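First comes the structure, then the notes that go with it.
All values derive from a computational prediction rather than experimental measurement. Just so it is clear: chains get the letters A, B, ... in the order the sequence lines come, proteins before strands, and each one is counted from 1. Computation of the quantities below employed the complete heavy-atom set of this structure, encompassing side-chain atoms and omitting hydrogens, waters and symmetry-equivalent molecules.
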Protein chains: 2
Amino acid sequence: MGITKSEHFTDHQNELANVLKALGHPARVAIVEYLIQHKQCICGDIVNELPLSQATISQHLRELKQVGIIQGNIEGNSICYCLNPQVFEQITKFMGIVIESVTKNKCC
Amino acid sequence: MGITKSEHFTDHQNELANVLKALGHPARVAIVEYLIQHKQCICGDIVNELPLSQATISQHLRELKQVGIIQGNIEGNSICYCLNPQVFEQITKFMGIVIESVTKNKCC
DNA sequence: AAATTATATCGTAATATTGCAATATAGATT
DNA sequence: AATCTATATTGCAATATTACGATATAATTT
């Protein structure tokens, strides 16, 4: 099929999965890492950095933006993108719960 | 195309992306959450929990196992799965770096 | 206003993912 | 050893993702 049965899962599960899926591509990890180092970017910066076409980079930026990982502000001619901390706090919170749970219990 | 150009990215970027992609599906988030609560599971437990077929659940478990999110130990007839903390520490480390970076710099 | 610069969108091809029925495998029980 | 129980694998259809050339849009500069 290829269609995820989102309706069977909780909002929380769907939202978290969407954010993690958006981060689940090396180009998008690379974009986030670029933003960690350079604080901000325009689309052209990433086009120069990664061996992907402008159209593809624009698409990856849109995906990151759609789930709130980055935000874009119009700045004259171009659009300035930067990281949105809230989403990462959500992810870290989830990971923290997992780690806490796991360290308490030995595996079978 | 549909093919990710992994060869253009670093091992670290590919590995992290693979783990996050594996977590990027609500059914697999649900499986992890089940493991947080119940410490361990066999395939049949998840089949009873989620409205997906046994074949589909088995496939999701395999994906989680492939990237090291869970580990499975043969226990007689069935296979006992549980969470592997190392992978989550890796993710949390990455998220921590992002959050530290972002809180230091205002967005454009 | 024409040209330039920067980004987004459209259309399309190739590949990947999701999901399930059917079947295979393997240990446990009778 | 035949049956049962638990899980994995195979094959397939439907849908999603990835990537890019071509083109559209919109602000900037000449």
Please answer whether the main-chain N or O of A:Ile70 pairs with a side-chain N or O of A:Asn84 as donor and acceptor at a distance below 3.5 Å.
-> no
Given D:dT18, D:dA8, C:dT7, the nucleotide with the shortest approach to the side chain of A:Cys43 = C:dT7
Does A:His60 place a side-chain N or O at less than 4.0 Å from the phosphate oxygens OP1/OP2 of C:dT7?
-> no
Could you check whether B:Ser58 gets within reach of a base, just the sugar-phosphate, or nothing at all, counting any heavy atom under 4.0 Å?
-> base
Would you tell me if any nitrogen or oxygen in the side chain of A:Thr56 comes within less than 4.0 Å of OP1 or OP2 on D:dC20?
-> yes
Minimum-distance nucleotide to B:Asn77 side chain [options: D:dT5, C:dT15, C:dT7] = D:dT5
Just compare D:dA8, C:dT7, C:dT18 and give me whichever is closest to any side-chain atom of B:Ile79.
-> D:dA8
Just call it for B:Leu52: base, sugar-phosphate, or nothing, with non-hydrogen atoms closer than 4.0 Å on any strand.
-> sugar-phosphate
Common cluster, A:Ile42/A:Ile74, ILVMFWY with side-chain heavy-atom separation under 4.5 Å = no
Can you find a side chain N or O atom of A:Lys21 that sits less than 4.0 Å from OP1 or OP2 on D:dA16?
-> no
With heavy atoms under 4.0 Å as the rule, sort A:Ile42 into base, sugar-phosphate or nothing.
-> sugar-phosphate
Quick one: sort the A:His25 and B:Phe9 rings into parallel, tilted or perpendicular, breaks at 30° and 60°.
-> perpendicular
A:Thr92 side chain to A:Phe88 main-chain N or O, any donor-acceptor pair under 3.5 Å?
-> yes
Are A:Arg62 and C:dT7 close enough that a side-chain N or O sits under 4.0 Å from OP1 or OP2?
-> no
According to a strict under-4.0 Å criterion, is B:Ser53 in side-chain N/O contact with OP1 or OP2 of C:dG19?
-> no
